[in-house]
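The structure under discussion appears below in the form of structure tokens.
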Amino acid sequence: MAGNIIVRFVLFPFQLLMRLFSVLLRPFRSAGRSSTTLRKAAAGPASGVSGDMADMTADEAAPADEETSAADVQNGAERNPRNFFFKSLPRPRLVERSAADLTLDGAKSYIRQSHNFYRREFPLFHGGNLFYEEVEAAYLTSALGVDLGSIDSRFVEIIAAFRRGLNDNTRLLFLVYAPLIFMGFLIGATVLLQNPAPAALADFAAAALPAQLASPFIDVITLAPPFIAALITLLVIYKWPYEVTQTQNLLGLDNYITNKFARVNHNFQVAKRKALNVEREKRFSQMDALKDEAGTWTRAYHWLATRLFLCETLIRNMVFQVRRNTALYVLGSQVISIALAALVAGAFWFGVTHEDARAALYENAGVLVGASALYLLIAYGVVMRQAFRVVHSVLEQNEWSRFYAVNLPQSIADHVGEDKVQIVTFRDRNRVEG
């Protein structure tokens, strides 16, 4: 509790300044959004139709205001000055239709889309990519029929767009802001260490401390301002624009996933119920229609459950790629920081010509290296240690994970069992009546 109060107190002046900056820029952003709206309106409904609409019936076709593609997400991504140019991604809209619109023709279109998964050979070798998760993502994309324009095409594109957006923000934090702040600390510390300590500080250290502790105390006091300023700046950027933007992006994605999977699950329940009850709506004279309809609804609910599994696996794949890239960005950031330290040290060493200043830098080199190591330890081990945790905390799997809940094996058992019971019931009835 106390830590949160301190963080809010530290962040308040920066938030106030950025809100003022945001207000000043609001007319320019509003003009940009207005022009984008006018361009979309001028494009007309035809411009919003993509490949997956060709395989959908009239009952499945989504209204134009419910369509969202990867291009929409990317075009809607905003590098907000208020958020230090981190990407803010819009919440995608749904294409998945509700169960009330699920017709027999719609079920048949789902079955056509399932052929790409059920009839394709699983590739043992795929492109020779170094990262397996990218190989897995390519397979899942193909299994969901993206190349055939299936209804899950936008889902795959949106997941990829959000993965890129999350990675872009993390890359900006670790490969740009963190090294620049560290370089600012190094420059400030090096400039201060070149100059002799103030007389008052030297006299106080000599009077209050033993001789062997006076010099380290002066060095610590000298390095404290740039050290603390750099850590506070890093904490502000991490806690406010980065973490808040990532959380907002993930909340929009989580809402989209939850609603989409809820609709798929509802469609699964409807298709299963229709498969169980189809014979009650048909007569013996309609045997061919009965066989076709029963087979359609049965295959439809099998495929709807399989879609849930493939889509959930793709989300897991996205999360793993974000985790992997975050680890690579952390490593790359540390390498860049060390390289910048060497660059700053070399620039000051060869650029300083005054002998006393060079002697002071040489004498305090160990202190500067120690302060730099402590800064990096705190920055990466404390301040930015939970950079990936925001993904884990927002994407609550229990809220949207549906495949295990539909219990496909039990549905199959119930379906087959009900059919067998009816067969035996009518067989015995016919024997009695005969």
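Ion pairing between a basic and an acidic side chain is recognised when a charged N comes within 4.0 Å of a carboxylate O; D254 and R91 show no such pairing. Between R324 and E134 there is a salt bridge, with a side-chain nitrogen of the basic residue lying less than 4.0 Å from a carboxylate oxygen of the acidic one. A salt bridge links D152 with K260: the closest approach of a Lys/Arg side-chain nitrogen to an acidic carboxylate oxygen falls below 4.0 angstrom. Between R389 and E243, no side-chain nitrogen of the basic residue sits less than 4.0 Å from a carboxylate oxygen of the acidic one, so the salt-bridge criterion is not met.
Considering F403, F268, F117, F261 in turn, F403 is the only one that fulfils the ring pair (Phe, Tyr, Trp, His ring centres under 6.0 Å) rule with F309. The only option from N169, T247, V236, L172 that meets the side-chain contact (heavy atoms from CB on, under 4.5 Å) definition with Y242 turns out to be N169.
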### Task
Check step by step if side-chain hydrogen bond (donor to acceptor under 3.5 Å, both in side chains) holds for Q321 and N317.
CA-CA 6 Å; Q321 289 201 50; N317 179 274; 2.9 Å; yes
### Query
Hey, mind stepping through I237 and I181 against side-chain contact (heavy atoms from CB on, under 4.5 Å) and telling me if it holds?
CA-CA 10 Å; I237 291 177; I181 294 171; 3.8 Å; yes
### Query
Can Q246 and T170 be said to form a side-chain contact (heavy atoms from CB on, under 4.5 Å), step by step?
CA-CA 9 Å; Q246 293 289 78; T170 306; 3.6 Å; yes
### Task
List the steps and the verdict of side-chain contact (heavy atoms from CB on, under 4.5 Å) for L374 and F227.
CA-CA 10 Å; L374 180 61; F227 187 90; 3.9 Å; yes
### Task
List the steps, then state whether side-chain contact (heavy atoms from CB on, under 4.5 Å) holds for C311 with L308.
CA-CA 5 Å; C311 289; L308 285 173; 6.0 Å; no
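Taking both residues in full, the closest heavy atoms of T245 and S88 are given as CG2-OG, 3.8 Å, listed atom of the first, atom of the second, then distance. The two residues A371 and L223 come nearest to each other via the heavy atoms CB-CD1, 3.7 Å. Nearest approach of Y380 to F174, heavy atoms of both residues: CE2-CD2, 3.9 Å. S337 approaches P179 most closely through the heavy-atom pair OG-CA, 4.1 Å. Taking every heavy atom of both residues into account, S150 and V146 meet most closely at OG-N, 4.2 Å. Across E293 and L104, no two heavy atoms sit closer than the pair CG-CD1, 3.9 Å.
If you check the side chains of Y118 and T306, you find a donor sitting under 3.5 Å from an acceptor.
At least one donor-acceptor pair closer than 3.5 Å links the side chain of T141 to the backbone N or O of A137. A donor-acceptor contact shorter than 3.5 Å is absent between the side chain of N325 and the backbone of N167. No donor-acceptor pair closer than 3.5 Å links the side chain of S333 to the backbone N or O of L175. Although no hydrogens or angles enter the test, the distance criterion places a donor-acceptor pair under 3.5 Å between the side chain of S109 and the main chain of G106. The main-chain N or O of V390 is found under 3.5 Å from a side-chain atom of S393 such that the two form a donor-acceptor pair. Between the side chain of N249 and the backbone N or O of K87, at least one donor-acceptor pair lies under 3.5 Å.
At most 12 heavy atoms of other shown residues, nucleotides or ligands fall within 6.0 angstrom of atom NE2 in H392.
Residues S372 and F185 are in side-chain contact: their nearest non-hydrogen atoms beyond the backbone lie under 4.5 Å apart. Residues L408 and Y301 have side chains in contact (heavy-atom distance under 4.5 Å, counting atoms from C-beta outward). Taking 4.5 Å as the limit, every side-chain heavy atom of F162 sits out of range of all side-chain heavy atoms of L250. When side chains are defined from C-beta on, L253 counts as touching M318, because their heavy atoms get closer than 4.5 Å. Two residues are said to be in side-chain contact when any heavy atoms from C-beta on lie closer than 4.5 Å; Y256 and F155 meet this criterion. Side-chain contact between K108 and D292 is present, with heavy atoms from C-beta onward closer than 4.5 Å.
Atom CG of L89 and atom CZ of R164 lie 10.0 Å apart (nearest 0.5 Å). F182 contributes atom CZ, which lies 11.0 Å from atom CD1 of I187 (distance to the nearest 0.5 angstrom). Rounding to the nearest 0.5 Å gives a distance of 7.0 Å between CD1 of I338 and CG of L376. The line from CZ of R316 to CG of L140 is 8.0 Å long, rounded to the nearest 0.5 Å. Of the inter-residue distances, the one linking K274 atom NZ with T103 atom OG1 reads 9.0 Å to the nearest 0.5 angstrom. Taking CZ of R385 as the start and OH of Y238 as the end, the distance is 9.0 Å to the nearest 0.5 Å.
Ring centroids of Y177 and F86 are separated by less than 6.0 Å, placing the two rings close together.
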